Amino acid sequence: MVFSKTLTHWYSNNKRDFPWRKTKNPYYIWLSEIILQQTQVKQGLPYYEVFIRTYPTVFDLANASESEILKLWQGLGYYSRARNLHTTAKYIVNKFNGEFPSTYDDLLKLKGVGDYTASAIASICFNENTAVVDGNVYRVLARYFGIETPINSTKGTKEFKKLAQELIDKKNPAEFNQAIMEFGATQCKPKNPDCAACPFNNSCIALQKNMIDKLPVKQKTIKLRKRYFNFLVFISENGNTVLEKRKTKGIWQNLYQFPLIESNKSLNYKELKDIVNAHHVLNGNCFNLFLYNEDDIIHKLSHQHLYTKFWIVEVKTLHENSININDVKDFAVPVLIDNFLKSFNF
DNA sequence: AATTCGGGGCC
DNA sequence: GGCCCAGAATT
């Protein structure tokens with residue numbers, strides 16, 4: 001109880017001013033929570049502003065096309081969030097006439113809404129007594145209580161959820177949940193937290209044991225995959241090029257890219273040209289091929305490093321479902337492609 | 001239980 | 001270069 005009291009008091013004096021803190025409309029809270037999953041406020045905030053301006057209600061979002069939503073989501077990453085956002089918007093409009101579910105259990109059924117997000121919406125919008133456990137909460141609790149259970153283990157997930165649920169201020173779950181997250185974000189930071197200025201510096205176990213930089217414990221380190229991408233940037237005499245939609249599961253699903261040849265190593269000019277010829281990409285049309293970037297562009301994702309070459313392919317004509325270069329900007333593309341578009345002058 | 005989904009910021 | 005971020009879905 002002392003913990004909750006101190007925490008909410010700290011929050012009242014230190015909370016930042018964000019647009020989603022001015023409302024309890026579940027549509028806006030839901031939108032903000034999806035955008036902020038695995039995303040820092042600084043990165044997500046501009047996207048939130050654009051989304052509420054473009055889609056003021058869940059009906060507007062449901063009526064939009066997925067491609068349009070993905071275009072607005074471009075650059076934010078984890079694109080399944082945008083696809084699920086659209087699915088859930090349509091579901092809420094069609095099944096509930098636009099009215100959001102109001103309990104943790106019902107919110108949990110929505111696509112893209114897991115334990116954290118269901119708890120956040122239920123507590124903030126409907127005052128339900130259910131504790132959020134995000135990366136901030138793991139860190140704050142692990143340090144304050146000196147808990148060494150790995151946070152990404154089944155045991156840890158249950159243990160921290162139970163503890164947070166015991167600590168929550170039942171009189172004001174919305175305030176408590178946001179307070180502990182804000183505390184983790186700005187005070188009990190991952191690196192170099194200012195423990196001298198912390199309201200818990202006389203009771204924090206990790207501080208007493210000099211374990212601030214060892215908690216929370218996370219097991220397993222992810223392994224990295226290297227991939228080799230060769231994008232074919234076609235340019236025809238009438239200013240057309242070719243984009244294709246990524247339909248396969250994996251990264252960037254439903255985003256657009258230049259035709260891609262993936263290889264198991266970095267290709268040189270001859271190797272690439274042989275493949276292009278062998279695949280009849282151009283049906284024997286003559287073409288002028290050259291490499292845009294001398295050194296591979298290394299695009300880093302969480303689990304993959306993409307060693308990328310952009311090959312310019314000048315041709316006389318292109319097939320009918322090619323698009324004009326000026327229209328490329330209307331398609332949602334990965335940051336890797338977008339960076340190329342910004343640097344390359346068609 | 002382990003993997004896979006992005007991209008930016010920080011050290 | 002490694003770790004983290006208002007996590008969730010899939011395997």
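These figures come from a predicted structure and were not determined experimentally. Below, chain A is the first sequence line, B the second, and so on; all start at residue 1.
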*Tell me: NZ of A:Lys218 to C1' of C:dG7, nearest whole Å?*
11 Å

*Partner residues of A:Asn13 under the side-chain hydrogen bond (donor to acceptor under 3.5 Å, both in side chains) criterion, sequence neighbours left out*: none

*With sequence neighbours left out, which residue pairs that include part of residues 168-177 of chain A fulfil the side chain to side chain donor-acceptor pair (under 3.5 Å) condition?*
A:Ser123-A:Asn177

*Using a cut-off of 4.0 Å between protein heavy atoms and nucleotide atoms, how would you tag nucleotides 5-11 of chain B 5' to 3' with B, S and -?*
BBBSS--

*Given atom CG of A:Asp134 and atom C1' of C:dG7, what is their separation to the nearest angstrom?*
9 Å

*Counting N and O atoms only, with roles assigned by atom type, does the side chain of A:Thr88 sit under 3.5 Å from a partner on the main chain of A:Lys111, one being a donor and the other an acceptor?*
yes

*Please work out if A:Asp115 contacts a base, only the sugar-phosphate, or nothing of the nucleic acid, heavy-atom cut-off 4.0 Å.*
sugar-phosphate

*What distance, rounded to whole Å, do you find between the two P atoms, one in B:dG9 and one in C:dA8?*
24 Å

*asked:* Output the rounded distance in Å from NZ (A:Lys111) to C1' (C:dA9).
replied: 9 Å

*What's the CG-C1' distance between A:Leu215 and C:dC3, to the nearest Å?*
15 Å

_Listed partners of A:Gln187 passing side chain to side chain contact (heavy atoms under 4.5 Å, CB included), at least two apart_ = A:Trp10, A:Phe183, A:Asp194, A:Cys198

*Could you check how far CG of A:Leu107 sits from P of C:dG7, rounded to whole Å?*
17 Å

_Need to verify one output field. Residue with the more 5' nearest nucleotide on DNA chain C, A:Val113 or A:Asn136?_
A:Asn136

*asked:* If I take atom CZ in residue A:Arg139 and atom P in nucleotide C:dC4, what distance separates them, rounded to the nearest angstrom?
replied: 9 Å

*Contacts of type side chain to side chain contact (heavy atoms under 4.5 Å, CB included), residue A:Thr103, not counting sequence neighbours*: A:Asp105, A:Asp106, A:Glu128

*Which whole-number value in Å describes the distance from A:Ile298 CD1 to C:dG2 P?*
13 Å

*Which residues satisfy the side-chain hydrogen bond (donor to acceptor under 3.5 Å, both in side chains) test with A:Asp274, sequence neighbours excluded?*
A:Lys270

*Base, sugar-phosphate alone, or nothing: which one does A:Thr117 contact when heavy atoms must sit under 4.0 Å apart?*
sugar-phosphate

*How is A:Trp20 classified with respect to the nucleic acid when contacts are heavy atoms under 4.0 Å: base, sugar-phosphate, or nothing?*
base

_Where at least one partner belongs to residues 197-214 of chain A, residue pairs that pass side chain to side chain donor-acceptor pair (under 3.5 Å), sequence neighbours excluded_ = A:Tyr144-A:Ser203

_Pair A:Glu66 + A:Lys71, salt bridge at N-O below 4.0 Å_ = no

*Could you tell me the separation between the CG atom of A:Asp213 and the P atom of C:dC4, rounded to a whole number of Å?*
12 Å

*asked:* Test of understanding: with side chain to side chain contact (heavy atoms under 4.5 Å, CB included), list the residues that count as partners of A:Glu166, not counting sequence neighbours.
replied: A:Lys162, A:Leu163

*How are the rings of A:Phe100 and A:Tyr27 set to each other: parallel, tilted or perpendicular (split at 30° and 60°)?*
tilted

*For atom C1', what is the distance between C:dA9 and B:dG8, given to the nearest Å?*
23 Å

*When you measure from every atom of DNA chain B, which of residues 21-36 of chain A have a heavy atom less than 4.0 Å away?*
none

_Say we look at C:dA6 and B:dT4: how far apart would their P atoms be, to the nearest angstrom?_
24 Å

